[in-house]
Amino acid sequence: MNDDRPDPDRLLDELRRDEEAARRGRLKIFFGACAGVGKTYAMLSAARQRLAEGEAVLAGIVETHGRAETARLLDDLPLLPSRAIDYRGRTLAEFDLDAALALRPPLLLVDELAHSNVPGSRHAKRWLDVEELLAAGIDVYSTLNVQHLESLNDVVGSITGIRVRETVPDRVFDAADEVTLVDLPPDELLVRLHEGKVYMPEAAANARQNFFRKGNLIALREMALRRTADRVDAQMRAYRADQEIERVWQVKERLLACVGADDQAEKVVRATARLAAALKADWIALHVETPALQRRPDAARQATLAVLRLAEELGAETVALAGSDLAATVTAYAQSRNTGKLVIGQPRPSRWQRLTGSTLLERLGRHARDLDIHLVSAEPAPATATPAKPAPRGPIDWRAYGWAAFLSALTTLPAALLLKVFDPANVVMVYLLAVVLISIRFGRGPGALAACLAVLGFDFFFVPPRFSFTVADTQYLFTFSLMLAVALIIGQLAARLRFEAVAAQRRERGTAQLARLARELSAALTTAQIVEIAELGFRDMFRVDSVILLPDQHERIRPAGAPAEAVLAVDAAVAQWVYDHQVPAGRGTATLPASPARYLPLKAPMRTRGVLAFVADEAEPAPEERRLMDTCVAQIALALERVHYVEVAQDALLAMESDRLRNTLLTTLSHDLRTPLTSLIGVADTLQRDDLADSARHELLQSLQDEARRMGSLVGNLLDMARLQAEGVTLKKDWQSIEEVAGSALRQMSIPLARHAIATDLPPELPLCEFDALLIERVLVNLLDNAAKYTPPGSEVRLSARVDGRWLAVSVSDNGPGLPPGDPTRLFDKFTRGHGESAIPGVGLGLALCRTILDAHGGQIRAENRPEGGARFTFRLPLGEPPPPPDVLE
Amino acid sequence: MNDRRLLIIEDDPQIRRFLRAALEAEGFAVFEADSGGRGLIEAATRQPELVIVDLGLPDMDGREVIRELRGWSAVPIVVLSARHQEEEKVAALDQGADDYLVKPFGVPELLARLRAQLRRGATAAAGQSRISFGQVCVDLPQRRVSRAGTEVHLTPVEYRLLSALIKGQGRVLTHRQLLLDTWGPDYVERPHYLRIYMGHLRQKLEDDPSQPKHLLTELGVGYRLQT
């Protein structure tokens, strides 16, 4: 039973696929073997049919190549005006992507999927334009020739002898919703060509000579047919999988293509891509930078990078590793990624390697016995293809050789001194030491030179007859050859050691910088901190000024942080595009490569968090640097996401807290406002009666006054609190006398405190203190009001102030019942009342207001019970430096 | 006190109603205006002996009403203001208002202020040479101050401050006005001088300096001498 349950992952996958397909536009490709089979014609016919069915069709760009039949079909189709782009003084017409996106036609015709856009367009390739159109939900009809398919590009090239540079990745072709094969038998095509229906007459002869040979046409047709058949086959298999016809557990295969530095690399990549497609396997393109390869000049390294980029376009994951032993690095990586199949080019081992049995193949075989190794045949490159130029060697550093020669000569001096004491055998040792040191310092070449010079110097200066290259004793010839061999070998070993140490150091530095960045990012608490750390880190690690752009509430991208110089080169529109589409753009990418800056999306697990832009000085970063950069960007994105969620959580907490507060406020307010209102209304009603005794009337009037006054102070506190919290506190600080403020507060409270004994202890020598007098008066009024409310009549209320260190301490104490049990600091929370829901009105807002006011002054307030009984509230204000006293010129 | 004409410029009818009731019971002839413009016309035609002005009027700022009024009349003006209007209050006093009351206020308080203003008009007209409040007696021509019969020594600045307060007795004097009178125009930005010298005066003249009865502080506004 269990076996019949559909795999939930697969169902989900299917669902997601359907959903995505529904959102995306549909792509239909009219696919043909070569130019002239009638793809554009077929496309236009199909479009006209849709038009006849009442659908809006827009011709985005259609190349008629001057073919009359095709042009006729275009007659009554609405045509999108093309965009004029200036390129090197010429005005070229190009497909207008933005206009098409703005118009959002249901169906758009975009001819020649493989076309390369004029530099300065948004995307380098038209198929990228089409991807964006599809993502925007626009259906697209397009055309494609088999020779433009990336994976078949080299095969077609080797058959026809003509390589085309404009290619389309296979995944675009495979992901197309429909592919219609436009087929024409070669003979008919040749007839059409002959009649001038394919190319303009003058070009026709030339084309027929080179490309349109019957043999070529047959091969191309077969390839187109087979590629289409593959697609049908894949669809069939997908259908069977959907229908649960096949129930085989398939382990997903993974291929590893070894991308070397030679001209075979591209062939290996294409072959692996085809193999991976046939096996439905993932594949990885691996490039190992050995010390020897790292010494190559930049141009040669760029070639390798180009091959890796090609692999990426063909759907591979690309990896670049550094290691000194190629075979060991490759096998270790293969094992770590659990790949069973290795694809390598047919080695062209040197005679030496063949002799010693150390070809890559043999070493791989020894290292990994459980790997299947696929060899890609080494054919001579197609004749017409541009022959791969031998990579130019890096400039030779003549100074290093000069130093080597000079130091070798210099060694002769101590050697000559030594000879007075020691055998010539020891002199050899001195020379060997010099060779080792020179190799370590200057590398292989100068090391070898030093080795030769050492032998010559030894011969010339120390072997009798001295000061001549002739040798008297033939056994020295043996010494020379041995010395040369030893010097060369240890020299090369030393140079290699040094090189690896340098490489290791560089790697370590990268790792350390990355670790530091990660550590700093993990400590960052705000977005601003992350932006600062990231921009600094980027400057440290890659020596570029970067800008981080973050979205605002409306998803518009804006530079965050301080405006740096790099901001100037950053185009907000490009950054926005990168943010919206979540793919890199700018220099060194396929999109807008002419832009001076590179834009990387900050992709976090949940969504893109922003864009990092920097002015790139080189078109393509080295693979290890790119890896480092990708990791950095991922770290930054993660940190941004983390902070985002912290903020979300805090907001939620605040919202919850303020909800709770609001509820408490509403319940207490409704109680505290309604009770006095009830009595006010009741008293007023009673007073209207005529039969009241004078004493009763007087009493009622008194309570009317009391209730109204209490409500007044409650509303006053509420308003103060609301004002303080809504505006943030703006203090009107001035140098005030606490005695004056106390006097004013006592005067205000004279009625409620009428039945209490008031005592003050305010020494006349108290200094002025800087505070907002009205707010501190509110504090005193509230404290006095509490004392009046919570102590019985006749109690003593004492207001005192004194200097306590650098503080002015003011306290209001009483000899009443004291504070309620429990933590006294809780009294200062909003809506807490010491005595629960009592008959004594007041929302418990007074003390909270006091604390808010004192916090704003940088002061403190606390409550305590006096040891001798009663409560004491004390607040402290920082004293500060009072202004100079008035001039004594009186 | 009969037939003393009093004008209320206030837009809230409830407040006008209770003011009229309370003031008529006190024997005032009360006139009302619900806007600044209307109030100025009433003030010109009724020639009141006292004007109560609300600072928040619908048609014009209360301060403007005061300025216009002061253009041609020395009638005592009492301002009504809400809390948190310190600046407007001070500005109104600087414009020439004589006293202010903060809403909500009690009727006894209001009546006491109005009486003080009316009395002030009378004494100013009489041109008194001796003033006394509590146990304190000030002989203006002799520049002598005594408390409970004993002479009190005041420094010149203290005396100048006291005489400024006496000159405006019953009125609320803003910090600015007092600084200007006592120290001169260069010192109007130094209100802490006042706090120090008012402290000295209270120490010398009040029974309990921390709960003064005569040298009163109007927090955030100024001082008043209550006799």
Side-chain angles (χ1 to χ4, degrees), chain A residues 705 708-709 711-713 715-717 719-720 722-724 727 732 734-751 753 758-770 772-778 780-781 798-801 882-890, chain B residues 18 82-87 89-90 102-109 153-161 172 175 179 182-184 186-187 189-204 206-224 226:
Chain A
Q705 214 170 28
R709 198 193 59 76
M711 257 181 82
S713 88
V715 171
N717 273 347
L719 288 176
D720 275 342
R723 190 169 59 106
L724 283 176
E727 298 168 5
K732 282 187 218 141
D734 206 344
W735 290 94
Q736 301 283 356
S737 142
I738 189 71
E739 190 190 42
E740 257 181 16
V741 179
S744 176
L746 285 168
R747 187 150 57 93
Q748 254 189 59
M749 295 305 294
S750 57
I751 299 170
L753 284 170
I758 307 293
T760 55
D761 178 11
L762 303 162
E765 63 275 10
L766 281 175
L768 295 187
C769 181
E770 197 179 24
D772 184 325
L774 288 163
L775 290 180
I776 294 300
E777 187 200 34
R778 298 303 306 156
L780 283 172
V781 164
R798 172 174 289 271
L799 200 165
S800 60
D887 311 331
V888 202
L889 295 169
E890 297 198 333
Chain B
F18 100 79
R83 251 166 78 201
H84 315 311
Q85 288 188 322
E86 264 69 40
E87 271 111 39
K89 225 149 54 186
V90 173
V102 175
K103 293 178 189 173
F105 51 84
V107 175
E109 174 89 14
H153 172 74
L154 294 185
T155 66
V157 171
E158 285 164 6
Y159 185 80
R160 278 211 298 278
L161 180 58
V172 175
H175 294 134
L179 286 164
T182 313
W183 280 274
D186 292 345
Y187 294 84
E189 296 304 324
R190 301 186 196 179
H192 67 275
Y193 282 21
L194 283 176
R195 294 189 185 114
I196 294 171
Y197 281 95
M198 283 305 287
H200 293 171
L201 279 182
R202 286 200 191 103
Q203 289 295 331
K204 290 179 178 175
E206 288 278 0
D207 294 338
D208 179 355
S210 58
Q211 297 188 65
K213 297 270 180 293
H214 308 288
L215 299 165
L216 301 183
T217 310
E218 297 292 340
L219 222 49
V221 178
Y223 296 90
R224 123 187 20 246
Q226 185 159 303

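Below, chains carry the letters A, B, ... as their sequence lines are ordered, and counting in each starts from 1. Model, not experiment: these values are computed from the prediction. Because only heavy atoms are used, hydrogens play no part in the values below, and waters and symmetry mates are left out as well, while side chains stay in.
Residue B:Leu219 holds its CG atom at 11.0 Å from CZ of A:Arg778, rounded to the nearest 0.5 Å. In this structure, A:Leu768 CG and B:His192 NE2 are separated by 7.0 Å, a value rounded to the nearest 0.5 Å. Rounded to the nearest 0.5 angstrom, A:Ile751 CD1 and B:Glu109 CD are separated by 8.0 Å.
Residues passing the side chain to side chain donor-acceptor pair (under 3.5 Å) test with A:Glu770, sequence neighbours excluded: none. Judged as a side-chain contact (heavy atoms from CB on, under 4.5 Å), and not counting sequence neighbours, the contacts of A:Pro763 are A:Asp761, A:Glu765, A:Leu766.
Only the side chain of B:Tyr223 has a heavy atom closer than 4.5 Å to any heavy atom of chain A. For a residue to count as touching a neighbouring chain, one of its non-hydrogen atoms must lie under 4.5 Å from one of that chain's; by this rule B:Pro104 does not touch chain A. Within the 4.5 angstrom heavy-atom criterion, atoms from both the backbone and the side chain of A:Ser737 approach chain B.
Closest non-hydrogen pair, B:Pro209 versus A:Glu739, comes out as CB-OE2, 3.6 Å. A:Gly743 and B:Pro212 get closest at one heavy-atom pair: CA-CD, 4.4 Å. Taking all atoms of both residues into account, the shortest heavy-atom contact from A:Thr760 to B:Ser210 is OG1-OG, 2.7 Å.
Put simply, the side chain of A:Arg747 does not reach to within 4.5 Å of the side chain of B:Lys213, judged on heavy atoms.
Interface summary for chain B: among A:Leu746, A:Leu774, A:Leu762, the most heavy-atom pairs under 4.5 angstrom belong to A:Leu774.
With 3.5 Å as the limit, one finds a donor-acceptor pair spanning the side chains of B:Arg195 and A:Gln736.
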